[in-house]
Amino acid sequence: MADVDITDKIGYTLLKKGIIDYETLEKSLQVRESEDKKNRRNLGQILVNDFHLDHDSVFREVASLYAFREIYLSDELIDSVRIEFIKKYVDALPENQRDALIHSKILPLRFDEKQTDKLIIIAADPTDRNIPTIARNFGVKKYELCYCRLKDFQALVDQVLPLQNEFLKLLANAEVDLAPTNDDEGQVDEEVLETEINKSALINLVEGTLVEAVRQGASDVHIIGKEGNRTEFHFRVDGNLQMWHIQEGTMPEAVAAVVKDRSKNVDRFEREMSQDGFIQRTVDGHQIRFRVSIMPIVGTEFKHKFESIVIRVLDDRKVITDLNKLGLQGPAKDFFYKAISKPQGIVILTGPTGSGKSTTLIAALHQVIDPTVNVLTVEEPVEYIIRGARQLKISPKMGFDQAIRGILRHDPDIVLVGEMRDKATAEIAIKLANTGHLTFSTLHTNDAPSAIARLYKMGVEPFLIAYAINIVVAQRLLRTLCEGCKKQTKLSAKDVQIYLKFGFSEEMLKKATFFGPVGCDKCNAGWKGRAAIHEALYFTREIKEIIVSSGDEVDEKAIRDQAIKDGMWTLRRSGMERMMEGLTTIEEVVATTTDD
């Protein structure tokens with residue numbers, strides 16, 4: 001009976017703090033009741049695993065209700081001596097218990113300062129029923145189980161038990177001697193190629209590349225065939241390409257053929273045209289999808305058929321479903337919430353490829369999705385599965401244009417049009433907005449005002465643009481400084497003048513503390529991660545009037561000036577805010593934004 005009581009308390013606490021809503025609580029309790037009593041999970045575990053709630057938001061409350069003390073690893077001295085101490089206990093465990101320790105997310109941390117025979121054990125979920133069995137194997141008489149944030153725990157695990165890439169281990173042990181040549185100019189000897197492909201070293205290299213890309217947080221993998229039987233592997237991390245591996249002495253066609261063999265919807269023997277496919281793998285217990293793009297390229301050696309391969313890593317764990325976590329700043333947040341709260345109208349995200357437009361749109365969709373509305377999406381290709389939305393499948397039998405037109409007859413409430421590519425697509429999106437539908441879409445323009453000019457040049461009537469659009473948001477991603485090693489920057493008199501010219505006021509400079517990159521073993525030359533900046537052009541009455549009264553061209557400057565008057569922050573102003581937050585540098589903002 002006590003278990004039921006604590007479950008009620010967990011549910012009530014999470015509901016009271018706004019971590020869950022009443023409907024989710026009801027559903028989670030139903031799931032719990034349906035489980036047999038012997039293996040029944042507590043409410044926290046059900047909410048995190050089945051309903052995908054934030055782990056730490058839930059388990060901090062669970063730990064508190066079960067009276068587990070919280071340990072903050074930022075307050076602990078985690079040096080080489082501490083790492084060795086933890087490793088000693090972990091390595092002494094039988095292999096099955098070591099696997100259980102990783103699965104249950106627990107680690108021995110240190111002995112208690114007051115009771116020197118009591119081992120402190122940290123756990124991301126201290127209510128896991130496997131913990132007592134694992135703890136007994138540490139061979140201590142006394143132990144105290146404490147709660148630790150999952151993010152901090154994972155960082156410590158990565159130091160204690162760095163994951164090994166089994167494929168690359170096999171590759172290191174393999175003898176690679178793969179350098180046959182082609183006698184006929186422009187022809188590939190398929191038999192010789194088959195011999196290369198059948199050597200497991202190449203398969204291990206490709207599989208190992210996929211695993212390593214996920215673990216290093218790469219957004220893309222670039223595989224480029226080069227002259228001299230070389231193939232380069234690059235990872236795009238935090239927006240920048242960096243060399244990861246060079247495969248020497250192997251025909252580039254062989255590497256490309258292995259990637260093609262492991263991809264769906266791709267023909268290995270096609271080397272003259274572009275191809276698109278996908279790969280699906282389970283990496284470290286998570287299902288990851290990879291989108292594969294293959295293009296023929298020119299090289300100086302005509303006996304080779306060179307191809308460039310780009311593999312986009314689609315890791316659902318990176319998808320942001322909570323709009324509050326997008327980092328919308330200042331007026332942009334209020335404008336955006338106001339725009340997506342309207343029952344109809346278009347919300348447009350604009351920016352170059354890789355600026356996070358899709359991430360923002362998915363977070364916005366999650367904000368408005370509920371079982372009472374029909375949400376339809378037309379994307380080419382579909383990158384992430386959006387729960388609660390019907391994502392239309394593009395195929396040779398139903399192209400993008402057909403899907404867009406079909407949406408009108410499919411009783412939608414909310415629609416996501418992946419991109420307004422041309423006048424036809426834009427007009428259908430506008431028609432949806434004008435007939436009572438909330439519509440989301442993207443455009444490739446440099447800033448928010450130029451999105452209006454782009455639609456105008458497509459041939460969309462000014463009054464349709466003015467009264468169909470709720471907001472245009474331009475977005476960029478800035479590299480952020482590593483929190484572990486960033487160093488405070490003291491501004492010289494010359495720097496102050498540069499900052500003032502850049503747009504800072506003297507008052508802003510007095511209040512702010514600026515930082516610069518240093519570099520440590522946990523980051524990339526002082527940089528780690530990225531943050532978004534936004535320029536949110538909300539369509540006020542004044543903005544609409546400027547657009548409707550446009551002559552031969554849209555006056556972008558007048559729109560920008562009016563938007564700033566209405567409270568809009570430009571991309572550069574948003575970047576300045578990130579600098580004042582200590583997240584980035586003036587050089588990074590200059591490189592990512594244009595002069596306003």
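Atom NZ of Lys151 has 12 or fewer neighbouring heavy atoms from other residues, nucleotides or ligands inside a 6.0 Å radius. More than 12 heavy atoms of other residues, nucleotides or ligands shown are found within 6.0 angstrom of NE2 on His52. Within 6.0 Å of atom CD in Gln488, more than 12 heavy atoms from other residues, nucleotides or ligands are found, so the atom counts as buried in its surroundings. Surrounding CZ of Arg317 are more than 12 heavy atoms belonging to other residues, nucleotides or ligands, all under 6.0 Å away.
Residues Ile385 and Asp316 approach most closely at N-OD1, 4.4 Å, considering heavy atoms. Nearest heavy atom pair, residue Gly356 against residue Leu477, reads N-CD1, 4.0 Å. Residues Trp244 and Thr209 approach most closely at CZ3-OG1, 3.3 Å, considering heavy atoms. Taking both residues in full, the closest heavy atoms of Thr480 and Arg530 are given as OG1-N, 3.6 Å, listed atom of the first, atom of the second, then distance. Looking at every heavy atom in both residues, Pro517 comes nearest to Thr585 through CD-CG2, 4.0 Å. The heavy-atom pair separating Val590 from Phe502 by the smallest distance is CG2-CE1, 3.5 Å.
Between Phe514 and Phe504, the angle of the ring planes goes over 60°, which puts this pair in the perpendicular group of the 30/60° scheme.
From Leu432, atom CG reaches atom CD1 of Ile346 across 8.0 Å, with rounding to the nearest 0.5 Å. Between Arg60 atom CZ and Leu14 atom CG the span is 12.5 Å, to the nearest 0.5 Å. Leu47 CG to Arg41 CZ: the interatomic distance, rounded to the nearest 0.5 Å, is 9.5 Å. The structure places OG1 of Thr350 at 10.0 Å from CD of Gln475, a figure rounded to the nearest 0.5 Å. Atom-to-atom distance recorded for Ile106:CD1 and Ile121:CD1 is 5.5 Å, nearest 0.5 angstrom. Taking NE2 of His222 as the start and CZ of Phe235 as the end, the distance is 11.0 Å to the nearest 0.5 Å.
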From CA spacing to verdict: side-chain contact (heavy atoms from CB on, under 4.5 Å), Val211, Arg281
CA-CA 9 Å; Val211 171; Arg281 292 287 182 272; over 6 Å; no

Take His437 and Gln344 through the test side-chain contact (heavy atoms from CB on, under 4.5 Å) and record every step on the way to the result.
CA-CA 4 Å; His437 305 94; Gln344 65 186 59; 5.8 Å; no

Checking Tyr66 against Ile10 for the side-chain contact (heavy atoms from CB on, under 4.5 Å) test, could you report, in this order, the C-alpha distance in whole Å, the side-chain angles of both residues, the deciding distance, and whether it holds?
CA-CA 9 Å; Tyr66 278 95; Ile10 291 169; 3.8 Å; yes

Run the side-chain contact (heavy atoms from CB on, under 4.5 Å) check on Phe400 and Thr425 step by step: do they pass?
CA-CA 9 Å; Phe400 189 86; Thr425 316; 3.9 Å; yes

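Arg578 and Thr584 share no donor-acceptor pair across their side chains, judged by distance under 3.5 Å alone.
Residues Met576 and Met508 meet the side-chain proximity criterion, which asks for heavy atoms closer than 4.5 Å. Looking at heavy atoms from C-beta onward, Glu556 lies out of side-chain contact with Ile452 at the 4.5 angstrom threshold. Looking at heavy atoms from C-beta onward, His286 lies out of side-chain contact with Val283 at the 4.5 angstrom threshold. Within the 4.5 Å cutoff, the side chain of Arg291 has heavy atoms near those of the Glu383 side chain. Between Met420 and Ile430, every side-chain heavy-atom pair lies at or beyond the 4.5 Å cut-off. By the 4.5 Å heavy-atom criterion applied to side chains, Leu443 and Leu455 are counted as neighbours. Side-chain contact between Leu109 and Ile78: present, with at least one pair of heavy atoms (C-beta onward) separated by less than 4.5 Å. Counting heavy atoms from C-beta on, the side chains of Val58 and Ile20 never come closer than 4.5 Å.
At a threshold of 4.0 Å, the pair Arg476-Glu588 does not count as salt-bridged, since none of the basic side-chain nitrogens sits closer than that to a carboxylate oxygen. Using a cutoff of 4.0 Å between basic side-chain nitrogens and carboxylate oxygens, Arg215 and Asp284 are scored as salt-bridged.
Under a 3.5 Å cut-off, the side chain of Lys27 and the backbone N or O of Phe51 do not form any donor-acceptor pair. Side-chain atoms of Ser574 come within 3.5 Å of backbone N or O of His534 as a donor-acceptor pair. Checked by atom type and distance alone, the side chain of Ser441 pairs as donor or acceptor with a backbone atom of Val417 at under 3.5 Å. Formation of a donor-acceptor pair under 3.5 Å by the Gln45 side chain with backbone atoms of Asn42 is found in this model. Remark: side-chain polar atoms of Asp79 are paired, donor with acceptor, to backbone N or O of Arg82 under 3.5 angstrom. Within the 3.5 Å criterion, the main-chain N or O of Arg40 finds no donor-acceptor partner in the side chain of Glu35. Within the 3.5 Å criterion, the main-chain N or O of Gly351 finds a donor-acceptor partner in the side chain of Lys357. Between the side chain of Ser28 and the main chain of Ile46, no donor-acceptor pair closer than 3.5 Å is present. Side chain of Gln391 to main chain of Ile386: a donor-acceptor pair is present (N/O by atom type, distance under 3.5 Å, no hydrogens or angles). A distance-only check finds a donor-acceptor pair linking the side chain of Arg454 to the backbone of His444 [under 3.5 Å].
For Phe68 and Tyr147, the ring centers sit 6.0 Å or farther from each other.
When each of Lys17, Lys16, Lys9 is paired with Glu61, the salt bridge (charged side-chain N to carboxylate O under 4.0 Å, His left out) condition holds for Lys17 and for no other.
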Can I get a per-line list of side-chain donor-acceptor pairs under 3.5 Å for residues 363-374, giving both atom names and the distance, sequence neighbours left out?
from: His366; atom 1: ND1; to: Ile362; atom 2: O; distance (Å): 2.9
from: Asp370; atom 1: OD1; to: Thr372; atom 2: N; distance (Å): 2.7
from: Asp370; atom 1: OD1; to: Thr372; atom 2: OG1; distance (Å): 2.4
from: Asn374; atom 1: OD1; to: Arg390; atom 2: NE; distance (Å): 3.3
from: Asn374; atom 1: ND2; to: His410; atom 2: O; distance (Å): 3.0
from: Asn374; atom 1: ND2; to: Asp411; atom 2: O; distance (Å): 2.8

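Because its NZ or CZ atom is both nearer than 6.0 Å to the ring centre of Phe515 and within 45° of the ring axis, Lys486 counts as a cation-pi partner of that residue.
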